[in-house]
Every structure is written in structure tokens, then in C-alpha cells.
Protein chains: 2
Amino acid sequence: MEHRIERIKKHLHSQSYKLTPQREATVRVLLENEEDHLSAEDVYLLVKEKAPEIGLATVYRTLELLSELKIVDKINFGDGVSRYDLRKEGAEHFHHHLVCIECGSVEEIEEDLLGDVEKLIEGEWGFQVKDHRLTFHGICRVCQKAAVSSGSNTSSHN
Amino acid sequence: MEHRIERIKKHLHSQSYKLTPQREATVRVLLENEEDHLSAEDVYLLVKEKAPEIGLATVYRTLELLSELKIVDKINFGDGVSRYDLRKEGAEHFHHHLVCIECGSVEEIEEDLLGDVEKLIEGEWGFQVKDHRLTFHGICRVCQKAAVSSGSNTSSHN
DNA sequence: TTAGTTGCAAACTCTTTGCATTTAG
DNA sequence: CTAAATGCAAAGAGTTTGCAACTAA
């Protein structure tokens with residue numbers, strides 16, 4: 001964890017940005033919640049626990065900065081809120097998401113599923129792919145089980 | 001075109017919604033601009049040309065209704081604006097998009113590229129896929145050519 | 001020392017809502 | 001006739017910005 005902070009610090013310095021305590025606290029919150037998809041407000045509340053004086057505007061500015069530096073990815077699941085996701089070390093592509101339409105849970109898929117599809121896009125459409133966003137909407141394992149055990153009689157031909 | 005209006009009318013009636021002149025005008029605008037990805041504001045301005053009395057709130061309400069009825073899809077390319085896209089007749093899945101990071105153009109791909117990937121998701125992750133959103137960000141054909149002819153010397157190993 | 005950063009409050013943008021009035025079916 | 005829909009203006013939610021004070025490098 002510390003080495004990741006250190007790396008981000010260098011990344012900031014290389015562009016003559018400073019690593020302020022507020023920024024460090026924000027990055028720490030993101031590191032400690034890598035699995036989640038926090039909104040700016042979520043981050044704000046968590047940062048506030050460590051550094052109560054921080055303002056929401058600073059969180060927004062920090063997240064925007066980290067986003068520009070490709071340290072985080074800004075995503076949008078369709079509710080009107082932006083969420084921020086730390087990029088995995090050395091990840092070439094943005095990871096994918098499985099969003100459950102029942103319970104709202106979000107699962108991440110690191111695996112690159114789109115290699116072939118991207119080749120097709122470049123070949124057939126002449127479009128040079130730089131990044132992608134892929135989200136599946138559906139029903140997660142847990143909610144499928146819940147539906148079965150509550151006796152919903154949807155014919156499951158599987 | 002008229003038969004598509006007629007079909008939508010029936011779809012509305014079947015749920016005891018009315019096809020008001022405002023709704024019809026909105027649907028017509030969407031039909032006439034199927035290729036584009038209009039924001040609510042865009043739709044509002046276009047509808048206003050035919051039906052100047054319409055209010056922005058009505059456009060929002062209509063788009064939300066059409067979205068619920070799966071007549072349109074609501075999408076979000078990351079700028080803070082929702083865009084609305086008429087579903088193609090009989091389209092099972094949401095189509096894909098190629099967004100150019102140079103010129104902002106958006107191209108649509110009707111072809112279903114994710115059949116295999118979805119099977120994998122269902123098999124490996126036990127996640128029952130209902131729909132997906134796939135957007136590629138990159139450089140469109142036109143901007144690639146522009147970059148070459150303006151003599152940008154980025155080594156293109158292709 | 002000083003360019004960069006912060007907190008605050010006010011401003012902005014997009015979207016939703018309350019309500020009196022109108023209208024499609 | 002009446003439930004549904006409309007237009008307007010006001011309210012909400014999320015995000016951005018101006019500015020004087022502050023601070024990391």
C-alpha cells in the first residue's frame with residue numbers, strides 16, 4: 001500500500017502537482033475501498049473520517065486530477081452519479097462490470113474479454129480502439145438463488 | 001414510419017397511456033433522427049419546431065416513459081448528459097457504440113459482438129445477462145487520416 | 001518564496017416535482 | 001366524464017467555480 005502511495009506521489013510530482021494531506025487521504029480511501037465503486041460523496045464522507053476539515057470541492061478536484069492522470073477511472077452506471085475506480089497496477093484496459101438489476105451489486109471482471117472483438121472493430125470498422133467500457137446488466141448468482149427458493153416459477157431452460 | 005408510430009400508439013394504449021400530440025411529436029423527432037444520440041435538450045429543441053408550446057418537463061417525462069416501455073434506450077457517454085436512442089425493431093440487445101475521442105463522433109454497431117462473451121459470463125460467473133452496454137473509445141477513421149496527413153510523426157506500427 | 005492548493009459559498013447544469021389546468025379516449 | 005397528461009415555475013441533485021487564505025516543495 002505504501003509503495004502505491006509513493007508511486008502516485010511521484011506521478012503527481014512529475015507533473016508538478018503536490019501531494020497534499022487531503023490528496024493523500026483521498027488516495028488512501030480509494031486504496032482501502034478498491035472493491036467498491038465510490039461516488040464523490042462516498043469518498044468525501046470516508047475522507048472526512050480521517051481529515052474532517054476537507055471540503056467536498058477538494059474531493060471533486062482530486063478525483064478529477066487522478067482521473068486525468070489515469071490513476072482512477074470515472075464510470076457511470078446510469079444513475080446520475082459518477083463513480084471512481086482505482087486502476088489496477090499495469091492494467092492496460094478498463095475492467096468490466098456485472099451490475100445486478102435486482103440488488104444493485106457490482107462485480108468486477110479483470111480478465112480481458114474483448115481482445116477478439118477489438119481486432120474486429122479495428123479491421124471491419126477502421127476504428128482505432130484506445131479503451132472500452134463494458135457493463136452487463138442482469139441477475140447475480142445470489143439473486144438467482146433467492147428467486148428460486150422463493151418459488152418463482154419462471155421456467156429456467158438452462 | 002407511420003406504421004412505427006401506430007405500433008408505439010398501440011404499445012402505449014395497451015398500458016393505458018395516451019398518445020398525446022406532444023408524445024407523437026417527440027416520437028417523430030426520434031424517428032427522424034435515429035442515427036443521432038439526442039439529449040433531452042436536443043429533443044426538446046427539435047420538438048419545439050413542430051409544437052412550440054411543448055415544455056421541457058414533458059419531453060423528460062415522455063423520454064422516461066418511452067424508456068420504461070423499452071421503446072428507447074437511455075445512454076450516457078460520460079459527459080453529464082443522458083442521451084436517448086430508439087431501439088431498432090426487434091433488437092434483442094442494445095447496440096454498441098464507437099466514440100471518437102478526437103472529434104466526438106458516435107458510430108453505431110448493430111451486429112451482436114458479445115454472444116460468446118455472454119456465454120462465458122453466464123458459465124464462469126453464474127451471472128444471468130439481461131442486457132449490456134459496450135462502448136469503445138478511440139480514434140475514428142476520419143481522424144486517423146487527418147492525423148496522418150497533418151504529418152504527426154507518431155510511429156504507427158500496424 | 002511562490003505556484004499550486006484549499007475551504008467555503010455561490011453558481012451552474014441537468015433532471016424531477018407540485019399543482020392548477022387541459023385533454024385523449 | 002375522468003384518469004392521465006401538460007406547462008410552468010420552483011425545487012433537487014450532482015458538480016463546478018471564484019476567491020481570499022494557506023502550504024508543499
Side-chain angles (χ1 to χ4, degrees), chain A residues 5-6 8-27 29 37-69 71-84, chain B residues 5-6 8-27 29 37-69 71-84:
Chain A
I5 301 262
E6 203 52 41
I8 290 168
K9 183 173 183 174
K10 285 196 181 118
H11 195 155
L12 287 170
H13 285 176
S14 76
Q15 318 260 355
S16 64
Y17 293 120
K18 298 171 183 173
L19 183 64
T20 63
Q22 292 91 333
R23 284 183 183 163
E24 185 172 336
T26 303
V27 170
V29 162
H37 299 80
L38 303 175
S39 67
E41 184 90 34
D42 295 336
V43 173
Y44 172 61
L45 292 173
L46 289 167
V47 172
K48 224 165 183 203
E49 291 173 10
K50 321 189 173 215
E53 55 330 318
I54 200 171
L56 181 53
T58 299
V59 172
Y60 271 105
R61 283 188 279 231
T62 300
L63 291 172
E64 197 203 337
L65 177 62
L66 295 175
S67 198
E68 268 167 34
L69 299 180
I71 294 167
V72 307
D73 282 305
K74 188 175 180 179
I75 38 175
N76 202 305
F77 291 134
D79 53 347
V81 195
S82 293
R83 296 171 182 283
Y84 300 85
Chain B
I5 301 263
E6 203 52 40
I8 289 168
K9 184 172 184 174
K10 286 197 181 117
H11 194 154
L12 287 170
H13 287 176
S14 77
Q15 317 260 354
S16 64
Y17 293 121
K18 298 171 182 173
L19 181 63
T20 63
Q22 292 90 334
R23 284 182 182 164
E24 185 172 336
T26 302
V27 171
V29 162
H37 300 78
L38 303 176
S39 67
E41 183 90 32
D42 294 336
V43 173
Y44 171 61
L45 292 174
L46 289 167
V47 172
K48 220 157 192 218
E49 291 173 8
K50 322 185 173 221
E53 34 5 292
I54 201 172
L56 181 53
T58 299
V59 172
Y60 271 103
R61 284 187 279 229
T62 300
L63 291 171
E64 195 203 339
L65 176 62
L66 294 175
S67 198
E68 267 167 34
L69 298 180
I71 294 168
V72 307
D73 283 305
K74 187 176 179 178
I75 38 174
N76 203 304
F77 290 134
D79 52 349
V81 195
S82 292
R83 297 172 183 282
Y84 300 85

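Every chain is numbered from 1 and lettered A, B, ... according to where its sequence line falls, protein lines coming before strand lines. Atoms considered below: every heavy atom in the structure, side chains included; atoms not considered: hydrogens, waters and symmetry mates.
Rounded to an integer number of Å, the gap from B/E68 CD to C/dT16 C1' is 14 Å. Going from atom CG of B/D42 over to atom P of C/dC14 covers 10 Å, rounded to whole Å. Here the P atom of nucleotide C/dA3 and the NE2 atom of A/H13 are 17 Å apart, to the nearest Å. Separating the CG atom of B/N76 from the C1' atom of D/dG14 is a distance of 13 Å, rounded to the nearest angstrom. Between the P atom of C/dT15 and the CG atom of B/L38 lies a distance of 13 Å, rounded to the nearest Å. When rounded to the nearest whole Å, the span between CG of B/L63 and C1' of C/dT15 equals 12 Å. Rounded to an integer number of Å, the gap from A/Y60 OH to D/dA13 P is 13 Å. Rounded to an integer number of Å, the gap from CG of B/L12 to C1' of D/dA3 is 15 Å.
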Shorter than 3.5 Å, N or O on both sides, protein versus nucleotides 5-12 of chain C: list them out with atom names.
from: C/dT5; atom 1: OP1; to: A/K18; atom 2: N; distance (Å): 3.0
from: C/dT5; atom 1: OP1; to: A/R23; atom 2: NH1; distance (Å): 2.4
from: C/dT5; atom 1: OP1; to: A/R23; atom 2: NH2; distance (Å): 3.2
from: C/dT5; atom 1: O5'; to: A/R23; atom 2: NH2; distance (Å): 3.3
from: C/dT6; atom 1: OP1; to: A/T20; atom 2: OG1; distance (Å): 2.6
from: C/dT6; atom 1: O3'; to: A/Q22; atom 2: NE2; distance (Å): 2.8
from: C/dG7; atom 1: OP1; to: A/Q22; atom 2: NE2; distance (Å): 3.2
from: C/dG7; atom 1: OP1; to: A/E53; atom 2: O; distance (Å): 3.3
from: C/dG7; atom 1: OP2; to: A/G55; atom 2: N; distance (Å): 3.2
from: C/dG7; atom 1: OP2; to: A/T58; atom 2: OG1; distance (Å): 2.3
from: C/dG7; atom 1: N7; to: A/R61; atom 2: NH2; distance (Å): 2.8
from: C/dG7; atom 1: O6; to: A/R61; atom 2: NH2; distance (Å): 3.2

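Closest approach of B/S82 to B/N76, counting heavy atoms only: OG-ND2, 4.1 Å. The shortest heavy-atom contact between B/S39 and B/Y84 is C-CD1, 4.4 Å.
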Step-by-step side-chain contact (heavy atoms from CB on, under 4.5 Å) determination, A/R23 to A/L65: CA-CA 10 Å; A/R23 284 183 183 163; A/L65 177 62; 3.6 Å; yes
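Expressed to the nearest 0.5 Å, how far CZ of A/R61 lies from CG of A/L56 amounts to 10.0 Å. Once rounded to the nearest 0.5 Å, the distance linking CD1 of B/I54 with OG1 of B/T20 reads 7.5 Å.
Legend: residues meeting ring-ring contact (aromatic ring centres under 6.0 Å, His included) with B/F77, ordered by chain and number and at least two apart, are B/H37, B/H97.
Contact between the side-chain N/O atoms of B/S82 and the OP1/OP2 oxygens of C/dT15 is found at a separation under 4.0 Å.
Using a 4.0 Å heavy-atom criterion, one finds that A/S39 contacts no nucleic acid atom at all.
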